[in-house]
Amino acid sequence: MLPLSFSSKLPDAGTTIFTVMSALAIEHNAVNLGQGFPDFPMNQELACLAAKAITDGYNQYAPMAGWMPLRESIAEKVDFLYSLSVDPDSEITIVPGGTCAIYCALTAILQPGDEVIVFEPAYDSYIPNILVNKAVPIKIPLSIPDFRIDWNSVKSAITEKTRAIVINTPHNPTGSILSASDLQQLSALVKGTGIYVVSDEVYEHLVFDGKQHESVLRYPELFARSFVCYSFGKVYNCTGWKLGYCISPAELTTEFRKIYQFNAFSAFTPTQVAIASFLKNHAVYLELSQQMQENRDYFINLMRATDFNLLHSSGSYFICGTYERISDEPDKDLALRLTKEAGVVTIPVSAFYQDSTEKRILRFCFSKKKETLELAVDRLIKYLGH
Ligand SMILES: Cc1ncc(COP(=O)(O)O)c(C=O)c1O
């Protein structure tokens with residue numbers, strides 16, 4: 001043994017539930033409705049553009065802030081979608097994925113002891129990112145079953161130490177979305193304070209039922225204090241590409257880049273080159289909501305033959321379900337049992353909470369081929385009965 005003493009920065013963090021469940025899926029040959037990734041092929045035109053970028057020789061470091069033609073295409077898209085003019089040079093940074101954008105944003109602004117308001121259930125990187133910066137997560141539960149934010153609770157949670165509020169719309173794991181009124185209330189609450197907003201909008205193109213995505217970018221006053229984080233993996237069904245970006249006002253971007261340049265420094269060049277031209281094709285991302293809504297509806301229809309009670313999903317890849325007619329066991333136990341015995345992987349929503357209070361909600365990912373959804377529901381019916 002070396003005479004080194006080691007104190008973990010994240011003593012309570014284990015392997016993420018997605019890694020655990022995906023490993024179990026392989027071990028038990030289970031259908032994976034757990035981790036959020038599509039099992040259908042990505043856009044082949046974009047795949048060819050990426051391959052071409054490699055053979056054309058775009059294989060060296062991209063500039064730290066990202067391939068300029070891609071940043072310009074993003075600025076054009078933001079203007080087209082949200083009527084906001086952002087400067088590709090000083091307000092957009094390309095990074096290896098949305099998770100990296102969120103980490104760099106939080107690390108850029110947090111000092112030890114700062115408080116950060118997060119809503120639970122929460123995407124699993126937020127709280128560890130806060131903790132590694134020795135800041136304090138202030139957790140506010142979303143209401144069940146509609147998973148809305150109670151803005152009065154937020155108001156009461158704000159103190160002099162509040163440095164940031166993290167929002168996520170459309171929301172993982174619940175599929176809820178924020179409304180214009182939510183954004184207005186947030187804007188009113190932070191006005192005149194030193195509070196930053198980190199807005200996770202990786203599912204911006206997956207909003208259902210004709211609703212519009214309420215991006216922070218629609219609200220210039222809010223944007224002035226925000227880091228808005230995106231992921232191309234979710235836009236083009238290529239989560240393995242790990243390419244995303246952060247849009248923030250120039251002053252905040254300067255601090256963001258100070259962290260990022262000593263972290264990853266730059267992101268994979270060929271995919272940046274490919275997306276730079278492909279992003280100009282608005283139709284591809286504008287069709288996504290309709291396509292994914294069809295998946296959601298197909299899954300909901302199949303699940304009518306089971307005793308699960310699906311909650312409403314307005315966006316993202318996900319829908320949650322309760323199961324009071326099936327069992328009263330905690331969701332972690334049921335998820336494990338379904339993986340091992342029914343051959344279907346789901347994610348227990350309790351994994352998105354830090355405390356150990358038992359929950360009884362499972363998350364299903366419907367960004368899968370129809371055959372995959374059919375096979376999963378068939379197995380559930382065979383195992384659980386009607
Ligand atoms: C809410 C949310 N934010 C961020 C990410 C991460 O995106 P990326 O894979 O680009 O890091 C995910 C991925 O599942 C997510 O669900």
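If you read the sequence from its start, that first residue is 1, and numbering goes on from there. Atoms within each ligand, like the ligands themselves, are counted from 1 in listed order. Computed over heavy atoms, backbone and side chain alike; hydrogens, waters and symmetry mates excluded.
A salt bridge between Glu204 and Lys77 is present, with a side-chain N of the basic residue lying under 4.0 Å from a carboxylate O of the acidic one. The residues Asp182 and Arg148 are annotated as salt-bridged, a charged nitrogen and a carboxylate oxygen being separated by less than 4.0 angstrom.
Classified by interplanar angle (parallel below 30°, tilted 30° to 60°, perpendicular above 60°), the ring pair His282/Tyr285 is tilted. Ring planes of Phe366 and Phe208: tilted class, angle from 30 to 60°.
The residue among Thr239, Asp200, Thr99, Val235 with a heavy atom at the shortest distance from atom 3 (N) of ligand 1 is Asp200.
Protein heavy atom in closest approach to atom 15 (C) of ligand 1: Tyr123 CE1, 3.4 Å. Ranking protein heavy atoms by distance to atom 9 (O) of ligand 1, first place goes to Lys242 NZ, 3.2 Å.
A donor-acceptor contact shorter than 3.5 Å is absent between the side chain of Glu72 and the backbone of Pro88.
For the ring-ring contact (aromatic ring centres under 6.0 Å, His included) with Phe299, the qualifying choice from Phe364, Phe308, Phe318, Tyr317 is Phe364, the only one to do so.
Below 4.0 Å from some heavy atom of Gly97 lie the following atoms of ligand 1, by number and element: 10 (O), 11 (O). Remark: ligand 1 atoms within the under-4.0 Å shell around heavy atoms of Asn172 are 1 (C), 15 (C), 16 (O).
For ligand 1, the polar-atom distance check against Gly36 finds no nitrogen or oxygen pair separated by under 3.5 Å. At a 3.5 angstrom cut-off on N or O pairs, Lys234 counts as close to ligand 1.
When every heavy atom of Pro96 is checked against every heavy atom of Ser266, the shortest pair comes out as CG-O, 4.4 Å.
Residue-ligand proximity: Phe37 is placed with every non-hydrogen atom at 4.0 Å or more from ligand 1.
Counting heavy atoms closer than 4.0 Å to ligand 1, residue Phe232 contributes nothing at all.
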